[in-house]
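Residue numbers begin at 1 in each chain, while the letters A, B, ... track the order of the sequences.
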Amino acid sequence: MAGSIKSVRGTRDLLPPETETWNFVEATVRDVFRVYHFQEIRTPILEDLQLFQRSVGEETDIVSKEMFAWEDRARAQSEKGQWLALRPENTAGVVRAYIEHKLWERPGLQRFYYIGPQFRRERPQKGRYRQFYQIGAEVVGPSAAGSESPAVDAELLEMLATLLDRLGIQGWSLKLNSVGCANDRPIYLQALRDALKDVVHTMCSDCQRRAVTNPLRVLDCKVPEDQPIIEKLPRMADYLDESCRTHFAEVRKILTAMDVPFTIDHRLVRGLDYYTRTAFEFTHGALGAQNAILGGGRYDGLSESLGGPPAPGIGFAIGEDRLVMTLQESAGVADRPADVYIAPLGAGMNLHAAKLARELRKQGVVVIAGDESFKLKKSLETASKLGVSFALILGENEVNSGQYALKNLSTGEQAGVGKAEIAGIVKPLSAIPKRSEGSL
RNA sequence: GUGGGUAUAGUUCAGUGGCAGAACGCCAGACUGUGGCUCUGGAUGUCGUGGGUUCGACCCCCACUACCCACCCCA
């Protein structure tokens, strides 16, 4: 259609049956998080631009080139407009809410999760969209509540392993590193710069640029020729101070005790400024270049940089689009058909079909009704194309006798049944347990 | 922001400088209340947009746009 309006670049419509998979993922997430006592938080999509400048970091790519931001109209002529941004991630918003509502006054640690859209103005490609969805969780609170404990890190990671297993995702791997803290990282960075000084001219052009802008990212380089050089660069692990080192050791110890498999990746770095200490990434092959399905880490100084009290925390974000993608690699998506198709036959029958449908739906039966103008043949044909297992023929005979012609569309058997029996025959057994909505 | 590829029916894709195609899907029909299989018929397109070459362009040339893939970055 020339001239018609289309979805904007990097955004997309999620249609059935794919939305079934999304619902399955979200239902499983809520179910798993619940037993860890994580509760849902919903923060605005629109935030003050400064929130991200001060948390994610003004020099990061996310803030410096990928944000949707604009100056909002001033409220009064005497005032300036306010700079707003569509959130590029959700941790900053959660911590902002933590500070704004003085949530440290609540007892214990705050454990939140969120599910929602995020926005980054990047060039779209496989597994990367301008509007994408993240499922994330955060544990924040005062140190006295235990927010700095390595047990929190381990619990969060174990929860993620459980979630991926429950979703039926196979072949994931967990990469773990410690990126240090405000204490030891400057020392490491200096050591890294010093080491790079002599060798950087032999590296790829990207690395030469990164050595200046963000030396940590050099560790991330994938150019084969650079690998031997990178292997010889100093490692963060050797520069961790006493407290960071024991913290990291304790995280690993608990994970091992819980049988959560992981590998240490000395070169794992994160692209947001606020990360400290534990940093991690879950990856999955068969995702193309965007193989990270989730990432996260500690952010012990974030609250302070947003004007709040000390509130160490740790969190992660799952790329829901990517998660759904890996799920669809293994299991194909299928429409979930209705339980029964009512075929009203002849003038005046729509009314009877509506009444019957209402009664059946009250009993939890999934009903689709045809129209009295359809020929029976067309109704049955439509019903089988929709994959419905039963068709219920509703004509004058049925209304008069109270015996409804119920046809099993897979066997072809047909019988007259009373109104009260319909739901029992038509409803699949799997529909009976209440909590099993959304199985694949 | 950079590079490569692609753009034709609802979908997946053929196609040729001279009438626009297939498969699947969709709609209708094959004796009036019985589907799936089969058969018959039908509709659907500014051939991405704009320019140029040509007697004539869906096809050749140029520009633009969008999508896909990769770099970058990240989830």
Side-chain angles (χ1 to χ4, degrees), chain A residues 1-4 6-12 15 56 59-67 87-91 115-136 160 204-207 209-210 213-214 217 220-223 268-272 275 280-284 287-297 315-326 341 343-346 349 370 372 374-398 405-414:
Chain A
M1 283 292 164
S4 65
K6 291 192 284 199
S7 64
V8 321
R9 184 169 166 81
T11 71
R12 59 191 181 139
L15 306 173
V56 176
E59 299 308 315
T60 60
D61 283 1
I62 292 176
V63 170
S64 65
K65 359 189 249 221
E66 298 171 2
M67 216 152 36
R87 63 185 186 195
E89 59 99 54
N90 216 333
T91 301
I115 299 175
Q118 318 292 338
F119 303 83
R120 290 180 201 174
R121 201 182 177 289
E122 296 179 89
R123 190 126 166 205
Q125 68 185 72
K126 187 184 175 93
R128 193 170 81 182
Y129 307 96
R130 289 184 169 194
Q131 173 173 338
F132 61 104
Y133 294 81
Q134 284 189 336
I135 298 168
L160 282 166
C204 70
S205 57
D206 281 329
C207 278
R209 177 177 51 77
R210 285 186 280 232
T213 59
N214 190 350
R217 289 239 80 90
D220 225 12
C221 179
K222 284 149 204 126
V223 176
L268 176 69
V269 294
R270 315 244 72 232
L272 287 71
Y275 282 115
F280 55 89
E281 217 171 81
F282 283 72
T283 56
H284 191 278
L287 255 182
Q290 318 300 324
N291 67 344
I293 52 178
L294 78 91
F316 62 81
I318 304 173
E320 192 174 2
D321 308 74
R322 294 177 187 178
L323 191 65
V324 168
M325 215 178 281
T326 64
Y341 183 101
L345 208 57
M349 287 300 139
E372 62 186 27
F374 296 168
K375 289 183 181 170
L376 180 57
K377 191 178 177 136
K378 171 172 167 173
S379 286
L380 293 176
E381 197 178 312
T382 303
S384 26
K385 276 181 194 159
L386 291 174
V388 182
S389 338
F390 291 92
L392 189 145
I393 301 163
L394 184 56
E396 227 163 299
N397 299 345
E398 285 74 16
L406 187 61
K407 179 163 186 151
N408 183 324
L409 290 170
S410 42
T411 65
E413 288 167 44
Q414 181 173 331

Residue matched to B:C37 through Watson-Crick or wobble contacts both under 3.5 angstrom: none

A:G127 vs A:T11, nearer the 5' end of RNA chain B by closest nucleotide: A:T11

For A:L409 against A:V388, the heavy-atom pair lying closest together: CD1-O, 3.4 Å

Sugar-phosphate only, base, or nothing, as touched by A:S410 at under 4.0 Å among non-hydrogen atoms: base

Note: A:R120-A:E89 ion pair, threshold 4.0 Å (strictly below): no

Base-pairing assignment for B:C47 (Watson-Crick or G-U wobble, both under 3.5 Å): none

Carboxylate-amine/guanidinium contact A:D220 A:R210, below 4.0 Å: no

Sugar-phosphate, base or nothing in reach of A:R12, heavy atoms under 4.0 Å: nothing

Opposite nucleotide pairing with B:C74, Watson-Crick or G-U, both atom distances under 3.5 Å: none

Flag side-chain contact, heavy atom, 4.5 Å: A:I318 against A:L160: yes

Residue met sooner reading RNA chain B from 5', once A:A317 and A:D206 are mapped to nucleotides: A:D206

Touch class at under 4.0 angstrom, heavy-atom based, for A:L294 against every strand present: sugar-phosphate

Sugar-phosphate, base or nothing in reach of A:E89, heavy atoms under 4.0 Å: nothing

Gap separating the CG atom of A:N90 from the CD1 atom of A:I115, nearest 0.5 angstrom: 11.0 Å

Watson-Crick or G-U wobble partner of B:A57, both distances under 3.5 Å: none

Nearest-Å distance once atom P is located in both B:C19 and B:C24: 26 Å

Rounded distance (Å) that lies between atom C1' of B:U34 and atom CG of A:L409: 10 Å

Touch class at under 4.0 angstrom, heavy-atom based, for A:G10 against every strand present: sugar-phosphate

Counter-base of B:A20, judged by Watson-Crick or G-U geometry with both distances under 3.5 Å: none

Short side-chain N/O contact to B:C72 OP1/OP2 from A:R217, under 4.0 Å: no

Base B:G33 paired with A:E396 side chain (donor-acceptor, <3.5 Å): no

Touch class at under 4.0 angstrom, heavy-atom based, for A:G296 against every strand present: nothing

Check: B:A28 base within 3.5 Å donor-acceptor of A:E381 side chain: no

Check: A:K377 side chain, B:U34 base, donor-acceptor under 3.5 Å: no

Residue matched to B:U6 through Watson-Crick or wobble contacts both under 3.5 angstrom: B:A66

B:C67 phosphate, OP1 or OP2, under 4.0 Å from A:R9 side-chain N/O: yes

Nucleotide paired to B:U32 in any strand shown, Watson-Crick or G-U, under 3.5 Å: none

B:A70 phosphate, OP1 or OP2, under 4.0 Å from A:Q125 side-chain N/O: yes

Any A:K385 side-chain N or O less than 4.0 Å from OP1/OP2 of B:C26: yes

Check: A:R123 side chain, B:G3 base, donor-acceptor under 3.5 Å: yes

Neighbour count >12 (heavy atoms, 6.0 Å) for atom CZ, A:R121: no

Span that lies between the C1' atom of B:C13 and that of B:A20, in whole angstrom: 15 Å

Sugar-phosphate, base or nothing in reach of A:A383, heavy atoms under 4.0 Å: nothing

Side-chain N,O (A:R128) to OP1/OP2 (B:C68) below 4.0 Å: no

Touch class at under 4.0 angstrom, heavy-atom based, for A:N397 against every strand present: base

Syn/anti label of B:C19 as read from its glycosidic torsion, with the cut at 90° from 0: syn

Presence of A:K378 side-chain N/O under 4.0 Å of B:A28 phosphate oxygens OP1/OP2: yes

B:C69 versus B:C61 - spacing of their P atoms, nearest Å: 26 Å

Sugar-phosphate only, base, or nothing, as touched by A:E398 at under 4.0 Å among non-hydrogen atoms: base

Separation between CD of A:Q134 and CD of A:E320, rounded to the nearest 0.5 Å: 10.0 Å

Side-chain N,O (A:K375) to OP1/OP2 (B:G29) below 4.0 Å: yes

Nucleotide opposite B:C26 in a Watson-Crick or G-U pair, distances under 3.5 Å: B:G42

Sugar-phosphate only, base, or nothing, as touched by A:I393 at under 4.0 Å among non-hydrogen atoms: base

